[in-house]
Amino acid sequence: MIYLLKEYANEPIDLAKTMMMALIHDIVEIDAGDTYAYDEVGNQTKRERELKAAERIFGMLPEDQGNYLRTLWDEFEAYESSDAKYAHLLDNFQPLLLNDASGGIAWLEHGVKKSQIYKRNARIEETSEVVWAKMKEIVGEHIEKGNVIND
(Lines give C-alpha, C1' and ligand atoms only; values in the text may rest on other atoms or scores of the structure.)
Protein backbone atom coordinates (compact mmCIF):
# COMPACT_ATOMS: atom_id res chain seq x y z
CA MET A 1 0.00 0.00 0.00
CA ILE A 2 2.83 2.39 0.74
CA TYR A 3 4.04 2.10 -2.83
CA LEU A 4 0.63 1.95 -4.50
CA LEU A 5 -0.83 5.01 -2.77
CA LYS A 6 2.29 7.21 -2.57
CA GLU A 7 0.98 9.53 -5.27
CA TYR A 8 -1.81 10.57 -2.88
CA ALA A 9 0.51 11.75 -0.11
CA ASN A 10 0.40 15.51 0.43
CA GLU A 11 4.17 15.62 0.99
CA PRO A 12 7.03 13.65 -0.57
CA ILE A 13 8.03 10.51 1.30
CA ASP A 14 11.07 8.27 1.41
CA LEU A 15 9.53 5.07 0.10
CA ALA A 16 12.05 2.58 1.52
CA LYS A 17 12.23 4.29 4.91
CA THR A 18 8.45 4.48 5.19
CA MET A 19 8.09 0.80 4.30
CA MET A 20 10.65 -0.14 6.96
CA MET A 21 8.90 2.10 9.48
CA ALA A 22 5.55 0.43 8.88
CA LEU A 23 7.03 -3.06 9.10
CA ILE A 24 8.95 -2.31 12.30
CA HIS A 25 5.82 -0.79 13.83
CA ASP A 26 3.84 -3.94 13.03
CA ILE A 27 6.50 -6.26 14.48
CA VAL A 28 6.41 -4.35 17.77
CA GLU A 29 2.59 -4.41 17.79
CA ILE A 30 2.52 -8.15 17.18
CA ASP A 31 5.01 -8.82 19.98
CA ALA A 32 3.11 -6.53 22.37
CA GLY A 33 -0.24 -8.11 21.53
CA ASP A 34 -2.11 -6.05 18.96
CA THR A 35 -4.94 -4.03 20.49
CA TYR A 36 -8.24 -3.50 18.69
CA ALA A 37 -8.44 0.14 17.64
CA TYR A 38 -11.56 0.88 19.69
CA ASP A 39 -10.71 -1.22 22.76
CA GLU A 40 -10.68 1.41 25.50
CA VAL A 41 -9.35 -0.96 28.17
CA GLY A 42 -6.62 -2.50 26.00
CA ASN A 43 -5.49 0.90 24.79
CA GLN A 44 -4.78 1.98 28.38
CA THR A 45 -1.76 -0.37 28.53
CA LYS A 46 -0.84 -0.38 24.85
CA ARG A 47 2.00 2.14 25.04
CA GLU A 48 3.67 0.39 27.96
CA ARG A 49 3.39 -3.03 26.29
CA GLU A 50 4.78 -1.69 23.04
CA LEU A 51 7.72 0.02 24.75
CA LYS A 52 8.66 -3.26 26.44
CA ALA A 53 8.31 -5.13 23.15
CA ALA A 54 10.46 -2.57 21.32
CA GLU A 55 13.18 -2.76 23.94
CA ARG A 56 13.16 -6.56 23.82
CA ILE A 57 13.13 -6.87 20.03
CA PHE A 58 15.68 -4.17 19.27
CA GLY A 59 17.84 -5.34 22.17
CA MET A 60 18.30 -8.75 20.52
CA LEU A 61 19.95 -7.23 17.46
CA PRO A 62 23.50 -6.04 16.96
CA GLU A 63 23.72 -2.56 18.46
CA ASP A 64 23.88 -0.64 15.16
CA GLN A 65 20.86 -2.46 13.72
CA GLY A 66 18.90 -2.24 16.95
CA ASN A 67 19.58 1.48 17.23
CA TYR A 68 18.58 2.13 13.61
CA LEU A 69 15.32 0.20 13.86
CA ARG A 70 14.51 1.77 17.23
CA THR A 71 15.04 5.19 15.66
CA LEU A 72 12.57 4.30 12.90
CA TRP A 73 10.06 3.01 15.44
CA ASP A 74 10.45 6.14 17.59
CA GLU A 75 9.94 8.32 14.50
CA PHE A 76 6.74 6.43 13.66
CA GLU A 77 5.48 6.82 17.22
CA ALA A 78 6.27 10.56 17.25
CA TYR A 79 3.98 11.05 14.21
CA GLU A 80 5.78 14.22 13.10
CA SER A 81 7.73 13.54 9.90
CA SER A 82 6.04 13.16 6.52
CA ASP A 83 7.24 9.53 6.46
CA ALA A 84 5.70 8.79 9.88
CA LYS A 85 2.44 10.52 8.99
CA TYR A 86 2.16 8.51 5.79
CA ALA A 87 2.98 5.24 7.57
CA HIS A 88 0.24 6.05 10.13
CA LEU A 89 -2.19 6.86 7.36
CA LEU A 90 -1.77 3.41 5.87
CA ASP A 91 -1.73 1.74 9.29
CA ASN A 92 -5.21 3.21 9.77
CA PHE A 93 -6.50 2.94 6.20
CA GLN A 94 -5.78 -0.77 5.82
CA PRO A 95 -8.04 -1.90 8.70
CA LEU A 96 -10.76 0.45 7.46
CA LEU A 97 -10.55 -1.21 4.05
CA LEU A 98 -10.65 -4.63 5.73
CA ASN A 99 -13.76 -3.62 7.68
CA ASP A 100 -15.33 -2.45 4.44
CA ALA A 101 -14.40 -5.66 2.58
CA SER A 102 -15.89 -7.79 5.37
CA GLY A 103 -19.19 -5.95 5.22
CA GLY A 104 -18.49 -3.85 8.32
CA ILE A 105 -18.93 -6.82 10.64
CA ALA A 106 -16.27 -5.76 13.17
CA TRP A 107 -17.73 -2.27 13.44
CA LEU A 108 -21.20 -3.73 13.93
CA GLU A 109 -20.06 -6.33 16.49
CA HIS A 110 -18.20 -3.71 18.54
CA GLY A 111 -20.81 -0.96 18.24
CA VAL A 112 -18.31 1.44 16.69
CA LYS A 113 -19.41 5.05 16.30
CA LYS A 114 -18.59 7.50 13.55
CA SER A 115 -17.01 9.78 16.16
CA GLN A 116 -14.60 7.00 17.18
CA ILE A 117 -13.50 6.40 13.60
CA TYR A 118 -13.11 10.13 12.94
CA LYS A 119 -11.16 10.66 16.18
CA ARG A 120 -8.80 7.79 15.38
CA ASN A 121 -8.23 9.20 11.91
CA ALA A 122 -8.25 12.91 12.76
CA ARG A 123 -4.81 13.54 11.26
CA ILE A 124 -5.31 11.65 8.01
CA GLU A 125 -6.50 14.69 6.06
CA GLU A 126 -3.22 16.53 6.71
CA THR A 127 -1.40 13.58 5.10
CA SER A 128 -3.73 12.87 2.16
CA GLU A 129 -6.96 14.65 1.29
CA VAL A 130 -7.69 11.92 -1.27
CA VAL A 131 -7.43 9.07 1.23
CA TRP A 132 -9.39 11.05 3.84
CA ALA A 133 -12.21 11.63 1.35
CA LYS A 134 -12.30 7.90 0.57
CA MET A 135 -12.33 7.01 4.26
CA LYS A 136 -15.26 9.35 4.89
CA GLU A 137 -17.09 7.86 1.91
CA ILE A 138 -16.62 4.32 3.25
CA VAL A 139 -17.73 5.28 6.76
CA GLY A 140 -20.78 7.03 5.30
CA GLU A 141 -21.75 3.90 3.40
CA HIS A 142 -21.52 1.84 6.58
CA ILE A 143 -23.60 4.36 8.50
CA GLU A 144 -26.30 3.93 5.85
CA LYS A 145 -26.04 0.13 6.16
CA GLY A 146 -26.30 0.33 9.95
CA ASN A 147 -22.81 -1.01 10.61
CA VAL A 148 -21.48 2.23 12.12
CA ILE A 149 -23.44 4.32 14.60
CA ASN A 150 -23.99 7.89 13.39
CA ASP A 151 -23.53 9.94 16.52
Side-chain angles (χ1 to χ4, degrees), residues 1-102 104-107 109-110 112-142 148:
M1 285 183 72
I2 289 171
Y3 174 77
L4 293 174
L5 299 178
K6 71 181 184 331
E7 68 189 86
Y8 302 113
N10 291 350
E11 298 177 31
I13 60 152
D14 179 328
L15 192 62
K17 179 182 173 189
T18 305
M19 285 183 178
M20 284 294 294
M21 194 180 291
L23 291 170
I24 293 305
H25 158 75
D26 284 341
I27 290 170
V28 171
E29 264 189 350
I30 291 164
D31 191 79
D34 198 10
T35 304
Y36 181 65
Y38 308 106
D39 177 356
E40 292 179 21
V41 175
N43 277 305
Q44 291 175 5
T45 62
K46 178 182 175 180
R47 179 73 178 154
E48 180 183 327
R49 288 182 285 118
E50 288 184 357
L51 279 170
K52 286 180 184 176
E55 290 171 12
R56 189 185 77 71
I57 292 167
F58 304 135
M60 289 190 294
L61 298 170
E63 188 175 350
D64 61 331
Q65 292 176 355
N67 288 341
Y68 172 69
L69 295 176
R70 176 62 189 255
T71 299
L72 285 178
W73 184 75
D74 287 338
E75 184 178 340
F76 176 90
E77 292 297 311
Y79 204 139
E80 294 173 354
S81 69
S82 59
D83 297 326
K85 290 175 184 178
Y86 187 69
H88 270 278
L89 171 137
L90 295 173
D91 190 55
N92 288 9
F93 192 35
Q94 188 174 23
L96 190 134
L97 291 173
L98 182 59
N99 270 311
D100 182 45
S102 67
I105 192 72
W107 286 325
E109 288 176 349
H110 293 278
V112 174
K113 300 172 186 171
K114 174 185 171 183
S115 61
Q116 290 173 290
I117 297 170
Y118 275 44
K119 180 180 177 184
R120 174 174 167 73
N121 295 289
R123 296 187 64 189
I124 299 301
E125 186 175 20
E126 73 185 68
T127 309
S128 174
E129 289 100 2
V130 172
V131 172
W132 178 237
K134 186 63 178 174
M135 291 174 89
K136 290 190 321 185
E137 177 186 323
I138 291 168
V139 171
E141 289 170 3
H142 284 278
V148 173

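Treat the numbers as computed from the prediction; the structure is a model and nothing was measured.
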Sequence neighbours excluded - side-chain hydrogen bond (donor to acceptor under 3.5 Å, both in side chains) pairs with any residue from residues 1-13: Asn10-Glu129
Separation between CG of Asp26 and CD1 of Ile24, rounded to the nearest 0.5 Å: 9.5 Å
Enclosure of Lys46 NZ (heavy-atom neighbours >12, cutoff 6.0 Å): yes
Short side-chain to backbone donor-acceptor contact, Thr127 and Tyr86, under 3.5 Å: no
Ring centre gap for His110 and Tyr38 strictly below 6.0 Å: no
Ring pair (Phe, Tyr, Trp, His ring centres under 6.0 Å) assessment of His142 paired with Trp107: CA-CA 9 Å; His142 284 278; Trp107 286 325; 5.1 Å; yes
Backbone of Ile124 reached by a side-chain donor or acceptor of Asn121 within 3.5 Å: no
Heavy-atom side-chain contact between Phe58 and Asn67 under 4.5 Å: no
Heavy-atom side-chain proximity of Tyr36 to Val112 below 4.5 angstrom: yes
Non-hydrogen atoms of Asp14 and Asp83 that approach each other most closely: N-OD1, 2.8 Å
Donor-acceptor contact below 3.5 Å, side chain Arg123 vs main chain His88: no
Heavy-atom pair with the smallest gap, counting every atom of Ser128 and Leu89: CB-CD1, 3.6 Å
Matching residue for Lys52 among Glu55, Glu48, Glu50 - test: salt bridge (charged side-chain N to carboxylate O under 4.0 Å, His left out): Glu48
Stepwise salt bridge (Lys or Arg N to Asp or Glu O under 4.0 Å) check, Lys85 with Glu80: CA-CA 6 Å; Lys85 290 175 184 178; Glu80 294 173 354; over 6 Å; no
Leu96 and Ile117, any side-chain heavy atoms less than 4.5 Å apart: yes
Intermediate values then yes/no, side-chain hydrogen bond (donor to acceptor under 3.5 Å, both in side chains), Asn43 and Thr35: CA-CA 7 Å; Asn43 277 305; Thr35 304; 5.0 Å; no
CA sep, side-chain torsions, deciding dist, call: Ile27, Trp73, side chain to side chain contact (heavy atoms under 4.5 Å, CB included): CA-CA 10 Å; Ile27 290 170; Trp73 184 75; over 6 Å; no
Donor-acceptor pairs under 3.5 angstrom involving side-chain atoms of residues 131-138: please list them, not counting sequence neighbours.
{"residue": "Lys134", "atom": "NZ", "partner": "Glu137", "partner atom": "OE2", "Å": "3.1"}

Pairs where residues 56-67 contributes a residue and the test salt bridge (Lys or Arg N to Asp or Glu O under 4.0 Å) is met, not counting sequence neighbours: Asp31-Arg56
Which residues share a side chain to side chain contact (heavy atoms under 4.5 Å, CB included) with Leu4, sequence neighbours left out: none
Other residues, nucleotides, ligands: >12 heavy atoms within 6.0 Å of Glu40 CD: no
Nearest heavy atoms of Pro12 and Ser82, plus distance in Å: O-OG, 3.1 Å
Side chain proximity check, Asp100 to Leu98, heavy atoms < 4.5 angstrom: no
Heavy atoms of other groups near Gln94 CD, more than 12 under 6.0 Å: no
Partner residues of Asp74 under the salt bridge (Lys or Arg N to Asp or Glu O under 4.0 Å) criterion, sequence neighbours left out: Arg70
Heavy-atom closest pair, residues Met21 and Ala84: SD-CA, 3.5 Å
Heavy-atom donor-acceptor pair, Asp39 side chain to Gly42 backbone, under 3.5 Å: yes
Contacts of Thr71 that satisfy side chain to side chain contact (heavy atoms under 4.5 Å, CB included) - sequence neighbours left out: none
Interatomic spacing from CG in Asn99 to CD in Glu109 - rounded to 0.5 Å: 10.0 Å
Minimum heavy-atom distance Asp91-Arg120, with the two atoms named: O-NH2, 4.2 Å
Distance-minimising heavy-atom pair for Ala22 and Ile2: CB-CD1, 3.7 Å
Interatomic spacing from CE in Met1 to CG in Leu97 - rounded to 0.5 Å: 5.0 Å
